[in-house]
Asker: 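Structure provided below as structure tokens; questions to follow.
All of these numbers come straight from a predicted model, not from anything done at the bench. Only heavy atoms go into these numbers, but all of them, side chains included; no hydrogens, no water, no symmetry mates.
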Amino acid sequence: MYCRNCGSQVNDKAEFCLKCGVRPLNAKGYCQECGVETNENQEICIKCGVRLKTSTSSKGITLPNGLPLEINDRVFGDDSYLVDFSSLPTYYQKEFEKIRESKGEYKGKFNWAAFFFGALWALSKGMIVVPLIVIIASIFTGGIVGIIYWIYIAFRGNYSYYKCFVNTEIQNHYY
């Protein structure tokens, strides 16, 4: 499926286009089936022959954070505001809010749990690939890679967890 607003390919179940942030059928610029450019009055795609679909306006839709969504709002410029942190412990709620408010400038404070448990802490937070690579690389380097990662994750663990959490939540709820 293609976004009728920008022509980008989107998942069939996506509520919003990741490139332009509007609902995929909330425009008339491209064919939803083949992605070819169309004009506003066109009812059938000249290239593939499908009937061009449009959806109703998105006015009145409220996002999880309580912000209203209007037709041409860019929803995914900073997609973190779509994510609710209330399910997390208070410590992470506060840290994630600071990171979100700073638009990523604040990288989180030193995380003692990440310092003491390193890659195991990261694995417990859903960060899978890098910690596993670090564990395997540590075996072959006598632990040097693990020590470097251990220090890194202590200083940047909150920010890494924030990015992982936001990406997971967006994928689970908006695709």
Asker: Decide yes or no on side-chain contact (heavy atoms from CB on, under 4.5 Å) for K163 and I99, but give the supporting numbers first.
Answerer: CA-CA 10 Å; K163 294 302 280 180; I99 294 168; over 6 Å; no
Asker: For residues 119-129, which side-chain N or O atoms pair as donor and acceptor with protein atoms under 3.5 Å away, sequence neighbours left out?
Answerer:
unit_1	atom_1	unit_2	atom_2	d
W121	NE1	Y92	OH	3.3
S124	OG	W121	O	2.6

Asker: Taking the side chain as C-beta and beyond, is there a heavy-atom pair between F96 and V166 under 4.5 Å?
Answerer: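 In short, these two side chains do not touch, never coming nearer than 4.5 Å.
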Asker: Might you work through the side-chain contact (heavy atoms from CB on, under 4.5 Å) test for L88 and F165, ending with a clear yes or no?
Answerer: CA-CA 10 Å; L88 297 170; F165 185 84; 3.6 Å; yes
Asker: Taking the side chain as every heavy atom from C-beta outward, state whether L18 and S8 have any atom pair closer than 4.5 Å.
Answerer: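 Side-chain contact under 4.5 Å: no.
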Asker: Output the rest of the hydrophobic cluster of Y2: all Ile, Leu, Val, Met, Phe, Trp and Tyr residues reachable through side-chain heavy-atom contacts under 4.5 Å, sorted by chain and number.
Answerer: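 When side chains under 4.5 Å apart are linked, Y2 ends up in no cluster with other residues.
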Asker: Who are the ring-ring contact (aromatic ring centres under 6.0 Å, His included) partners of Y91, not counting sequence neighbours?
Answerer: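 Testing Y91 for ring-ring contact (aromatic ring centres under 6.0 Å, His included), a comparison that skips the adjacent residues, returns none.
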Asker: Which pairs count as salt bridge (charged side-chain N to carboxylate O under 4.0 Å, His left out) when at least one residue sits in residues 34-51, sequence neighbours excluded?
Answerer: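 Non-adjacent pairs meeting salt bridge (charged side-chain N to carboxylate O under 4.0 Å, His left out): E43-R51.
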Asker: For E97, check side chain to side chain donor-acceptor pair (under 3.5 Å) against everything at least two apart and list the hits.
Answerer: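 Only R100 meet the side chain to side chain donor-acceptor pair (under 3.5 Å) criterion with E97.
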Asker: Under the rule for side chain to side chain donor-acceptor pair (under 3.5 Å), what residues qualify as partners of Y106, not counting sequence neighbours?
Answerer: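 By the side chain to side chain donor-acceptor pair (under 3.5 Å) rule, Y106 matches E95.
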Asker: In Å and rounded to the nearest 0.5 Å, what is the OH to NZ distance from Y162 to K107?
Answerer: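 Output value for this atom pair is 10.0 Å.
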Asker: At what distance, to the nearest 0.5 angstrom, does SG of C45 lie from CD of Q32?
Answerer: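 Rounded to the nearest 0.5 Å, the SG-CD separation comes to 8.0 Å.
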Asker: For S86, what residues pass the side chain to side chain donor-acceptor pair (under 3.5 Å) criterion, not counting sequence neighbours?
Answerer: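 D84.
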Asker: Does R4 reach the main-chain N or O of Y30 with its side chain, forming a donor-acceptor pair under 3.5 Å?
Answerer: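 Yes; at least one donor-acceptor contact below 3.5 Å.
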Asker: Could you list the donor-acceptor pairs under 3.5 angstrom formed by side chains in residues 135-147, with sequence neighbours left out?
Answerer:
unit_1	atom_1	unit_2	atom_2	d
S138	OG	V134	O	2.8
S138	OG	G146	N	2.8
T141	OG1	A137	O	2.9
T141	OG1	V145	N	3.4

Asker: Give the C-alpha distance, both sets of side-chain angles, the deciding distance and a yes or no for side-chain contact (heavy atoms from CB on, under 4.5 Å) between V36 and C48.
Answerer: CA-CA 9 Å; V36 73; C48 68; over 6 Å; no
Asker: Sequence neighbours left out, what passes side-chain contact (heavy atoms from CB on, under 4.5 Å) with N41? Give chain and number order.
Answerer: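 N41 satisfies side-chain contact (heavy atoms from CB on, under 4.5 Å) with N39 only.
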Asker: CD1/I44 to OG1/T38 distance, rounded to the nearest 0.5 angstrom?
Answerer: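 Interatomic distance, I44 CD1 to T38 OG1, rounded to 0.5 Å: 12.5 Å.
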